[in-house]
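Written out below as structure tokens is the structure these notes cover.
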Amino acid sequence: MNVEALNSSIVAILAKKQELNSLDYNDARYDDIEEELHDLEDDFNEDFGDILEDALEDVHGKIKSDADILLPTAYLASSLDGREIEDGEVSEGVWVESDSFPGVEMRLVLVANPPRILLILSDQERVLWTAE
């Protein structure tokens, strides 16, 4: 796997998400930026989907979750700075249930620098996979 290309792709998507989130929905550029984001996400899923879906299967196995595995872009963080993760934003990544942590709310989030999948619990995060 080309870790540098994966990381660059994640960074590009997160930068585009931040750009889109900074615009008002009525902004004339909104639709164009949204389309650019969707194109980046489509390319990402095409280029790295199989690798990341395998990694997500392993992660689901580690935490004993039988939740459906979604497209890798569903797990992406909202921004590069990770502020949303630190603030415990509910919208980050994908919510999962786990037999290892019954009754505990948790999310799986794909972040950059380096590319990795985090398990976010209420007051902590754990790295479950790092791209190699």
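The figures that follow rest on heavy atoms only: side chains count, while hydrogens, waters and symmetry mates do not.
With hydrogens and angles left out, the side-chain atoms of S65 and E97 include no donor and acceptor closer than 3.5 Å.
For CD of E19, the number of neighbouring non-hydrogen atoms (other residues, nucleotides, ligands) closer than 6.0 Å is greater than 12. Within 6.0 Å of CG in N21 there are more than 12 heavy atoms belonging to other residues, nucleotides or ligands. Counting heavy atoms of neighbouring residues, nucleotides and ligands inside a 6.0 Å radius, atom CG of D54 exceeds 12 of them. Residue-environment remark: CD (Q124) exceeds the threshold of 12 foreign heavy atoms within 6.0 Å.
With salt bridges taken as basic N to acidic carboxylate O contacts below 4.0 Å, one links K16 and E36.
By the ring-ring contact (aromatic ring centres under 6.0 Å, His included) test, Y30 pairs with Y25, sequence neighbours left out.
If you take CG on L118 and CG on L108, they are separated by 9.0 Å, rounding to the nearest 0.5 Å. To the nearest 0.5 Å, atom CD of residue E53 and atom NE2 of residue H60 are 10.5 Å apart. Atoms OG and CG, from S9 and N2 in turn, are 10.5 Å apart once rounded to the nearest 0.5 Å.
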If you apply the rule side-chain contact (heavy atoms from CB on, under 4.5 Å), what do you find for E105 with W95, and how did you get there?
CA-CA 7 Å; E105 271 197 39; W95 179 82; 3.8 Å; yes
side-chain contact (heavy atoms from CB on, under 4.5 Å) between F101 and L119, worked out:
CA-CA 12 Å; F101 305 95; L119 175 66; 4.2 Å; yes
I120 and E92: side-chain contact (heavy atoms from CB on, under 4.5 Å), yes or no, with the steps?
CA-CA 9 Å; I120 307 296; E92 287 298 293; over 6 Å; no
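Hydrophobic cluster membership is shared by I13 and I51, with clusters built from Ile, Leu, Val, Met, Phe, Trp and Tyr side chains linked at under 4.5 angstrom. In the hydrophobic clustering of this structure, L110 groups with V94; members are Ile, Leu, Val, Met, Phe, Trp, Tyr whose side-chain heavy atoms approach within less than 4.5 Å, directly or through other members. Hydrophobic clustering places L40 together with V11 (ILVMFWY residues linked when any side-chain heavy atoms are closer than 4.5 Å, directly or through intermediates).
With respect to Y75, the side chain to side chain contact (heavy atoms under 4.5 Å, CB included) criterion is satisfied by exactly one of L70, L52, V109, V59: L70.
You'll find the side chain of I10 reaches within 4.5 Å of the side chain of L76, heavy atoms only.
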